[in-house]
Protein chains: 2
Amino acid sequence: MRISARADYAVRAALELAAAGDDCPLKTERIAEAQGVPRKFLEGILNDMRRGGLVVSRRGGQGGYKLGAPPETITVADVIRVVDGPLVSVRGERPPALSYTGPAESLLPLWIAVRANVRAILGEVTLADIARSELPERVYKLAEQPESWTNP
Amino acid sequence: MRISARADYAVRAALELAAAGDDCPLKTERIAEAQGVPRKFLEGILNDMRRGGLVVSRRGGQGGYKLGAPPETITVADVIRVVDGPLVSVRGERPPALSYTGPAESLLPLWIAVRANVRAILGEVTLADIARSELPERVYKLAEQPESWTNP
DNA sequence: TAGTATTCCTACCGCTTTGATAGGGAAATC
DNA sequence: GATTTCCCTATCAAAGCGGTAGGAATACTA
């Protein structure tokens with residue numbers, strides 16, 4: 001289960017926009033430098049976000065990008081879905097599309113539970129939460145536990 | 001965040017073995033038919049599981065595969081790690097290897113929380129749980145909620 | 001000891017995805 | 001009209017993914 005570079009970059013760009021505020025559009029160059037991601041690559045990602053309605057753009061002189069909605073209303077899941085499609089998939093299918101037989105029958109509810117638990121984080125945390133470093137209680141509690149930081 | 005075909009197949013094969021019991025080795029052919037997965041592909045997966053110590057094999061006449069440990073002690077996370085590497089990664093790196101700056105600083109604890117929540121499911125549910133269709137309370141509760149089944 | 005069944009190994013294949021770059025067209029500002 | 005910036009298309013190499021082929025090694029059976 002991997003978070004792609006696209007998704008990571010997209011969220012980081014969105015966070016820069018959230019921090020910049022609504023009346024201060026940022027150009028690709030600025031964001032790329034601030035977050036240390038390849039400019040041309042980021043260009044394409046921002047474009048996807050625009051098509052997805054997540055950001056709005058303006059060209060020319062004082063142009064750039066800004067968020068298309070208040071950062072309190074945009075979740076990380078929203079961003080990832082726009083640039084990468086479904087949050088969680090099994091063999092390229094969304095879990096409800098699967099079917100199992102024999103001793104594997106209860107595998108479906110398991111994948112469903114995994115997806116629900118991923119949503120419980122990514123679907124609840126907003127850009128505003130991260131930008132101001134105030135993750136929701138429940139999320140913070142998870143991140144706090146030392147065993148969450150250890151690799152198996 | 002996708003579960004690969006390898007991982008899905010591996011878990012299903014392991015479940016067949018769990019259901020078969022310790023004194024009844026299954027051959028690749030049997031498992032492939034039972035779960036409807038390509039035989040030759042499954043062969044390679046079972047081999048990885050053997051190298052990872054998850055299953056033991058015997059060739060010849062009454063050969064086949066059986067679990068290398070009681071199914072109550074093997075979690076789904078164990079299986080996935082053996083065939084696919086780390087459970088959760090960001091841009092190919094494990095979360096603790098990342099670092100973020102500016103408004104993205106709190107992105108790291110977020111990824112950590114996601115991983116923790118994935119582990120909370122896949123690292124707790126054992127092959128025995130699934131094979132006998134008795135998922136732990138907490139997991140069952142998640143899978144039960146109707147909104148867990150809806151696509152966004 | 002010969003035969004057969006099964007795992008095991010190596011290599012390969014086509015396809016898609018991923019991460020990234022290049023170059024120029026279109027529009028907004030000055 | 002010049003400049004700035006977004007926007008579009010095309011391309012690229014490398015890696016991963018899902019799957020296949022053929023045969024070598026080994027264990028049981030007779």
Side-chain angles (χ1 to χ4, degrees), chain A residues 1-13 16-17 20 24-33 35-68 80 83-86 89-93, chain B residues 1-13 17 20 23-33 35-68 80 83-86 89-93:
Chain A
M1 310 196 63
R2 85 176 306 196
I3 306 287
S4 69
R6 286 181 66 77
D8 184 57
Y9 294 166
V11 175
R12 287 157 71 184
E16 288 285 343
L17 297 179
C24 175
L26 300 182
K27 34 190 155 181
T28 313
E29 186 70 46
R30 270 286 295 276
I31 304 175
E33 273 175 17
Q35 285 296 322
V37 312
R39 183 181 137 261
K40 272 303 208 178
F41 191 35
L42 180 60
E43 216 173 88
I45 296 171
L46 283 167
N47 229 303
D48 288 347
M49 288 204 266
R50 180 185 54 87
R51 270 188 284 257
L54 240 70
V55 303
V56 296
S57 62
R58 234 179 52 201
R59 324 194 204 197
Q62 297 299 353
Y65 295 89
K66 51 183 197 172
L67 289 180
I80 295 181
V83 300
D84 262 352
S89 67
V90 178
R91 271 181 298 137
E93 305 273 8
Chain B
M1 309 197 65
R2 84 176 310 192
I3 307 287
S4 69
R6 288 180 65 78
D8 184 57
Y9 294 166
V11 174
R12 287 156 71 183
L17 297 179
D23 33 58
C24 177
L26 300 182
K27 34 188 157 182
T28 313
E29 186 71 43
R30 270 286 296 277
I31 305 175
E33 273 174 18
Q35 285 296 321
V37 312
R39 183 181 138 261
K40 270 303 207 178
F41 191 35
L42 180 59
E43 214 173 89
I45 295 171
L46 283 166
N47 229 304
D48 289 346
M49 288 204 265
R50 180 186 53 87
R51 271 188 283 258
L54 240 71
V55 303
V56 296
S57 63
R58 232 176 53 200
R59 322 194 206 197
Q62 299 297 353
Y65 294 91
K66 51 183 195 171
L67 289 181
I80 295 182
V83 301
D84 262 354
S89 66
V90 178
R91 269 180 300 136
E93 305 272 8

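This one's a predicted model, so the numbers in the text were calculated from it and none came from an experiment. Naming: A, B, ... by sequence-line order, numbering from 1 per chain.
Distance check: A/Asp8 CG to A/Arg2 CZ gives 10.5 Å after rounding to the nearest 0.5 Å. From B/Glu29, atom CD reaches atom CD of B/Glu43 across 9.5 Å, with rounding to the nearest 0.5 Å. Rounding to the nearest 0.5 Å places CG of A/Asp84 at 11.0 Å from CE of B/Met1. Distance CG/A/Leu67 to CE/A/Met49: 8.5 Å, rounded to 0.5 Å. The CD1 atom of B/Ile45 lies 13.0 Å from the NZ atom of B/Lys40; values are rounded to the nearest 0.5 Å. Rounded to the nearest 0.5 angstrom, A/Lys27 NZ and A/Arg39 CZ are separated by 11.0 Å.
Within a heavy-atom distance below 4.0 Å of DNA chain C, no residue of residues 2-13 of chain B is found. Within residues 42-59 of chain B, the residues that place at least one heavy atom under 4.0 Å from DNA chain D are, in residue-number order, B/Arg58, B/Arg59.
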Step-by-step side chain to side chain contact (heavy atoms under 4.5 Å, CB included) determination, A/Leu17 to A/Ile31: CA-CA 8 Å; A/Leu17 297 179; A/Ile31 304 175; 3.9 Å; yes
Hey, can you pull the donor-acceptor pairs under 3.5 Å for the side chains in residues 51-60 of chain B, sequence neighbours left out?
from    : atom 1 : to      : atom 2 : distance (Å)
B/Arg51 : NH2    : B/Asp48 : OD1    : 3.3

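For the pair B/Arg91 and B/Gly64, both in contact range of DNA chain C, the more 5′-proximal nearest nucleotide belongs to B/Gly64. Toward the 5′ end of DNA chain D lies the nearest nucleotide of B/Asp84, the other residue of the pair B/Asp84 and B/Arg39 mapping further downstream. Residue whose closest nucleotide on DNA chain C sits further toward the 5' end, between A/Pro38 and A/Gly60: A/Pro38.
With sequence neighbours left out, the side chain to side chain contact (heavy atoms under 4.5 Å, CB included) criterion links B/Pro38 to B/Tyr9, B/Phe41.
By the 4.0 Å N-to-carboxylate-O rule, A/Glu16 lies too far from A/Arg12 to be salt-bridged with it.
Pairing each heavy atom of B/Ala7 with each of B/Val83, the nearest pair is CA-CG2, 3.9 Å. Here the shortest heavy-atom pairing between B/Ala13 and B/Leu46 reads CB-CD2, 4.3 Å.
For the pair A/Lys40 and C/dA20, the criterion of a side-chain N or O lying under 4.0 Å from OP1 or OP2 is not met.
The nearest whole Å value for the distance from the CD atom in B/Glu29 to the P atom in C/dT6 is 9 Å.
Read 5' to 3', the first and last nucleotides of DNA chain D with an atom closer than 4.0 Å to a heavy atom of chain B are D/dG18 to D/dT29.
The environment of B/Arg30 atom CZ is sparse: at most 12 non-hydrogen atoms of other residues, nucleotides or ligands sit within 6.0 angstrom.
Stretches of at least 3 consecutive Watson-Crick or G-U wobble pairs, with each checked distance under 3.5 Å, appear in DNA chain D as C:1-30 with D:1-30.
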